[in-house]
Visitor: 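Submitted below is the structure of interest, expressed as structure tokens.
Order of listing sets the numbers, starting from 1, for every ligand and every atom in it.
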Amino acid sequence: MEKSGFLTFETAQKIAEKYSTPCYVYDEAALVAQAKKALAFPNAFGLTVRFAMKASSNRAILRLFDSLGLHIDASSAHEVERAMLAGIPAGRISLSSQQLPENLAELARAGVKYNACSLLQLDEFGRANPGAEVGVRINPGLGSGGTNRTNVGGPASSFGIWKDYIPQIMETAARHGLKIVRIHTHIGSGSDPLVWRKVAEMSLGTAELFPDAVTLNMGGGYKVARVDGEKSTDLAEIGEPVAKLVEKFAARTGRKLHFEIEPGTFLVANCAAVLARVQDICDTGEGGYKFLKLDAGMTDILRPSLYGAQHPICILQKTPDPAEEEYIVSGHCCESGDILTPAAGDPEGLSPRKMRRAHIGDFCAIGGAGAYCASMCAQNYNSYPASPEVMLKADGSLRLIRRRQTLAQILENEIQDD
Ligand SMILES: Cc1ncc(COP(=O)(O)O)c(C=O)c1O
């Protein structure tokens with residue numbers, strides 16, 4: 001179960017002395033290793049790997065991936081600006097957004113690559129940038145995802161332009177003189193190889209209808225196992241058949257499509273842990289549960305409460321206690337749903353976890369916390385400040401990459417005129 005192996009007791013102690021707990025800790029060596037694996041994704045005629053920055057948006061991580069040759073997938077105009085402020089050139093950023101950005105024309109002029117995610121977005125883009133190049137995100141009618149909340153393809157999903165509306169895309173593009181240069185899909189976080197192949201076939205079918213399309217973007221969704229029993233996506237297994245399809249497409253049409261992927265989870269999920277401390281231990285008597293209460297919770301890691309996501313949890317002690325106990329690990333929020341050991345896929349169910357016997361004050365490392373944790377938590381609930389982020393560098397040194405938020409920062413936008 002202990003997958004956050006990069007955090008030893010000694011490192012935890014150093015981090016706690018310098019930055020206190022709770023604290024996110026990233027493992028630079030693991031980030032680099034994941035980036036290299038993604039850059040080796042099978043492809044026929046060239047590959048761009050975009051980091052889906054929604055997974056973890058800290059400047060240090062964006063810059064690290066940029067230095068390794070990754071580009072950026074942004075999900076809002078705000079993310080685009082954040083990436084540009086981190087020094088990422090606009091031309092290396094693509095934007096696929098649920099919300100129509102207000103500054104669409106400006107972003108396009110700066111060189112950001114835009115994928116219209118609805119017919120309205122395509123029309124608005126065309127109005128603002130007649131004659132420009134643009135991508136379209138298609139909902140291929142199929143999805144893949146560990147849970148309904150991470151599946152973003154198929155009829156129950158509003159992401160992308162529904163597959164049957166190709167004539168409307170053509171009509172809108174023609175009206176504004178737009179060139180459709182990218183076909184984009186992202187079907188969710190599950191990456192079943194068969195679904196992926198099917199979606200690739202459909203996307204290539206779509207690309208065939210758009211003679212200006214030079215890029216096929218298949219999105220992200222490559223799963224990584226955080227705990228035993230979960231399966232990681234084998235990038236070669238899903239990528240190789242698709243690279244062959246792209247080759248066949250070229251043989252048939254004479255068009256050598258450039259390939260893009262935009263992983264988030266794959267690049268960062270297992271490269272970080274939340275370092276917390278055991279604050280309290282209580283139980284609800286015979287037939288009840290034993291609870292470990294931490295100084296962290298849904299304010300740092302929301303995925304268990306939201307999806308019933310499973311994260312490895314490890315008690316770190318100077319001298320490991322040889323005994324084991326079963327605990328429900330609960331967060332520090334005044335919210336019964338702030339549970340770090342829910343039943344798998346069922347945020348309302350409780351699943352006691354066997355782990356090393358814990359004592360008050362022990363460190364507790366919650367692994368698999370690199371993706372959708374610092375960037376997607378119940379920030380400031382109960383007025384807890386956002387936790388700091390620390391990079392454990394490849395040479396073993398520590399670098400603070402985000403300070404702990406202060407109460408003054410939480411309050412700074414409140415009007416104090418009474
Ligand atoms: C358009 C798009 N691309 C990429 C991703 C990254 O997905 P994952 O983190 O599962 O790889 C997402 C996630 O929601 C997405 O919406």
Side-chain angles (χ1 to χ4, degrees), residues 31 34-35 37-39 41 47-57 61-62 65 70-80 83 93-99 101 112-118 121 135-140 142-154 156-161 182-193 195-196 199-200 203 215-226 230-235 238-239 259-272 301-303 306-307 309 368-376:
L31 291 166
Q34 288 306 99
K37 283 188 213 159
L39 287 163
F41 199 93
L47 171 75
T48 299
V49 178
R50 298 184 176 279
F51 172 46
M53 66 176 282
K54 64 170 86 62
S56 183
S57 343
I61 292 170
L62 303 184
F65 284 151
L70 271 60
H71 293 210
I72 292 290
D73 158 48
S75 295
S76 72
H78 301 287
E79 280 193 352
V80 171
I93 303 171
S94 92
L95 171 61
S96 309
S97 173
Q98 271 292 76
Q99 180 175 323
V112 172
K113 297 178 169 66
Y114 185 63
N115 295 320
C117 296
S118 72
Q121 286 191 11
V136 281
R137 176 172 176 176
I138 307 286
N139 177 341
L142 281 180
S144 177
T147 72
N148 269 346
R149 291 183 185 171
T150 51
N151 184 339
V152 289
S157 163
S158 70
F159 294 85
I161 303 173
R182 269 181 314 282
I183 303 300
H184 178 288
T185 51
H186 168 78
I187 54 169
S189 303
S191 59
D192 174 339
V195 175
W196 223 68
V199 171
S203 301
T215 299
L216 176 65
N217 183 323
M218 292 283 296
Y222 319 106
K223 219 173 152 27
V224 293
R226 291 180 176 84
E230 289 182 349
K231 197 174 174 296
S232 295
T233 305
D234 178 342
L235 296 190
I238 60 166
F259 199 65
E260 291 191 356
I261 54 169
E262 37 190 47
T265 301
F266 181 85
L267 288 166
V268 288
N270 278 339
C271 306
I301 171 165
L302 182 62
R303 300 182 71 259
L306 196 60
Y307 311 131
Y372 306 101
C373 290
S375 63
M376 190 190 78

Visitor: Checking side chain to side chain donor-acceptor pair (under 3.5 Å) between N217 and each of E262, R182, R137, which is the one that passes?
Guide: E262
Visitor: Provide the number and element of each atom of ligand 1 under 4.0 Å from a heavy atom of D73.
Guide: 2 (C), 3 (N), 4 (C)
Visitor: With heavy atoms of P263 as the reference, note each atom of ligand 1 found under 4.0 Å away.
Guide: 11 (O)
Visitor: Tell me which part of H186 gets within contact of ligand 1: side chain, backbone, both or neither, using heavy atoms under 4.0 Å.
Guide: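 H186 to ligand 1: side-chain contact only, backbone stays beyond 4.0 Å.
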Visitor: Give yes if a backbone or side-chain nitrogen or oxygen of H184 is under 3.5 Å from a nitrogen or oxygen of ligand 1, and no if not.
Guide: no
Visitor: Taking only heavy atoms of T265 into account, list the atoms of ligand 1 that are under 4.0 Å away from them.
Guide: 8 (P), 9 (O), 10 (O), 11 (O)
Visitor: Does atom CD of Q98 have more than 12 heavy-atom neighbours, drawn from other residues, nucleotides or ligands, at distances under 6.0 Å?
Guide: yes
Visitor: Minimum distance, heavy atoms only, to atom 8 (P) of ligand 1: which one of S96, G221, A52 is it?
Guide: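 Looking at heavy atoms only, G221 sits closest to atom 8 (P) of ligand 1.
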Visitor: Closer than 4.0 Å to some heavy atom of G264 - which atoms of ligand 1 meet that?
Guide: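 Those of ligand 1 that fall under 4.0 Å from G264 are 6 (C), 8 (P), 9 (O), 11 (O).
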Visitor: If you measure every N/O of A55 against every N/O of ligand 1, is any gap under 3.5 Å?
Guide: no
Visitor: Hey, does R50 sit under 4.0 Å from ligand 1 if you only count heavy atoms?
Guide: no
Visitor: Does the plane of the ring in F259 sit parallel, tilted or perpendicular to the ring in F41? Use 30° and 60° as the thresholds.
Guide: parallel
Visitor: Please name the residue in the list E260, M53, K54 that meets the side-chain contact (heavy atoms from CB on, under 4.5 Å) test with D73.
Guide: K54
Visitor: Under a plain distance cut-off of 3.5 Å, with no hydrogens placed, do S97 and E79 share a side-chain donor-acceptor pair?
Guide: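 There is no such pair (donor and acceptor under 3.5 Å, judged by atom type) between the side chains of E79 and S97.
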Visitor: Using heavy atoms and a threshold below 4.0 Å, how should the contact between Y372 and ligand 1 be classified: side chain, backbone, both, or neither?
Guide: side chain
Visitor: In the structure I gave you, are the side-chain heavy atoms of H71 and S94 within less than 4.5 Å of one another anywhere?
Guide: no
Visitor: What atoms of ligand 1 come closer than 4.0 angstrom to any heavy atom of G220?
Guide: 4 (C), 11 (O)
Visitor: Would you check whether K223 reaches within less than 4.0 Å of ligand 1, judged by its heavy atoms?
Guide: no
Visitor: Quick one: CD1 on I161 to OG1 on T185, what's the gap to the nearest 0.5 Å?
Guide: 12.5 Å
Visitor: Using 0.5 Å steps for rounding, measure from the OH atom of Y372 to the CZ atom of R303.
Guide: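 Here the rounded value is 9.0 Å.
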